[in-house]
Amino acid sequence: MDLEKKPAAPAAAPAELRASDADRDRIAHILADALAEGRLTAEEHSERLDSLYAVKTVGELEVLVRDLPAPGGPAAAPAYGLGPAPAHATGQAPVSETVVAVCSSSTRKGRWRPGAHTRVVCVLGDVTIDLTEAVFEQQVTEIEVTSVLGNVEVTVPENVTLRGYGSGVLGNFEMHGEGRAESTDPSAPVVIIRGFALLGNIEARPKLGARLVDLALKLRKRLQG
């Protein structure tokens, strides 16, 4: 007896799939490379970065980079504030980091290298993330914060572009000086804070007078002079 075979249901087109965090990270890296290479202005980068977290599907994300080359070009951008990027930073972002404070406190400050992604979990505690002396090995650094009855403070240099996407329930999510570096320092790294505060506080602000300096550029000028 011949059985009629029903065609398999077509898989959903990739463009119609809901975008994941990994999809958004990939697009963010392409945009960061384009900014560093001069393919996008600071204003264009800012507009596309805003759209990056507003759109829902993979297809909508791809529209943001359809006029840009794929990542992984021959030259990688140098670490901002240090010099040429080390070998482990070429081709991929540094390893992500997790900061946890439960009924305690935790601090990251001084001359340290934040990863491309830092996850902060604060429950009945205090967390301080001080980036004023940090060495950025990527153009875009994301900090994902969850604060429950806790307090999280993030401080960045005044010439870093700060952007925030978050909310609070009986709590606060506050960004100060958001986007102010875009008009003065187009090459500055971008720090994105994504957070949720439940009966807690998340606050990020630039520290006036604290600026990242491209030490490699200063050294080259000194040698040439």
Side-chain angles (χ1 to χ4, degrees), residues 20-29 31-32 49 52-53 77 79-82 85-86 88-89 91-181 188-212:
S20 66
D21 287 341
D23 294 325
R24 298 184 195 278
D25 292 343
R26 177 175 59 84
I27 300 300
H29 290 152
L31 294 176
L49 202 60
L52 176 67
Y53 295 99
Y80 198 100
L82 181 66
H88 73 272
Q92 63 180 14
V95 178
S96 61
E97 179 182 7
T98 300
V99 179
V100 178
V102 179
C103 297
S104 62
S105 62
S106 183
T107 302
R108 294 289 187 275
K109 66 179 182 179
R111 196 70 171 170
W112 65 295
R113 300 170 184 267
H117 297 83
T118 297
R119 175 172 294 178
V120 178
V121 178
C122 182
V123 181
L124 288 168
D126 293 283
V127 174
T128 299
I129 305 293
D130 187 345
L131 297 168
T132 55
E133 298 181 16
V135 176
F136 292 86
E137 294 183 341
Q138 59 281 325
Q139 184 70 18
V140 179
T141 298
E142 293 191 19
I143 302 177
E144 182 180 347
V145 183
T146 301
S147 176
V148 180
L149 291 168
N151 182 63
V152 178
E153 295 184 359
V154 180
T155 307
V156 303
E158 66 175 352
N159 62 325
V160 161
T161 299
L162 180 64
R163 308 193 71 79
Y165 306 89
S167 60
V169 175
L170 298 177
N172 298 315
F173 180 87
E174 299 182 12
M175 296 291 107
H176 303 276
E178 185 176 4
R180 58 172 291 165
V190 178
V191 174
I192 300 173
I193 312 294
R194 291 194 286 174
F196 174 73
L198 175 61
L199 293 168
N201 180 65
I202 300 173
E203 186 174 1
R205 66 174 66 247
K207 181 177 180 180
L208 300 182
R211 298 180 62 86
L212 285 183

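None of the values given here were measured: they were computed from a predicted structure. Sequence positions, counted from 1, serve as the residue numbers for this chain.
Taking a 6.0 Å sphere around CZ of Arg119, one finds it holds 12 or fewer heavy atoms contributed by other residues, nucleotides or ligands.
Partners of Thr146 under the side-chain hydrogen bond (donor to acceptor under 3.5 Å, both in side chains) rule, at least two apart in sequence or in another chain, do not exist in this structure. Looking at residues two or more places apart in sequence or on another chain, you find no salt bridge (Lys or Arg N to Asp or Glu O under 4.0 Å) involving Arg24. Glu133 is linked by a side-chain hydrogen bond (donor to acceptor under 3.5 Å, both in side chains) to nothing, counting only residues two or more places apart in sequence or in another chain.
A 4.5 Å side-chain heavy-atom check between Met175 and Arg163 finds every atom pair outside the cut-off. With contacts defined as side-chain heavy-atom distances shorter than 4.5 Å, the pair Val145/Phe173 does not qualify. By the 4.5 Å heavy-atom criterion applied to side chains, Ile143 and Leu131 are counted as neighbours.
Ala197 approaches Asn201 most closely through the heavy-atom pair CB-N, 4.3 Å. Shown here for Val99 and Ser106, the closest heavy-atom pair between the two residues is CG1-OG, 3.3 Å. The minimum heavy-atom distance between Trp112 and Pro114, with the atom names listed, is O-CD, 3.3 Å. Between Ala101 and Val127, the closest heavy-atom pair is CB-CG2, 3.6 Å. The nearest pair of heavy atoms linking Glu158 to Pro206 is CA-CB, 3.9 Å. Closest approach of Cys122 and Val152 over heavy atoms only: CB-CG2, 3.7 Å.
In the model, Thr132 has a side-chain atom that pairs as donor or acceptor with a side-chain atom of Asp130 under 3.5 Å.
Atom CD1 in Ile193 sits 9.0 Å away from atom CD1 in Ile202 (nearest 0.5 Å).
No side-chain donor-acceptor contact under 3.5 Å links Gln138 to the backbone of His117.
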Using side chain to side chain contact (heavy atoms under 4.5 Å, CB included), reason through Thr128 and Asp126 one step at a time and then give a plain yes or no. CA-CA 7 Å; Thr128 299; Asp126 293 283; 5.8 Å; no
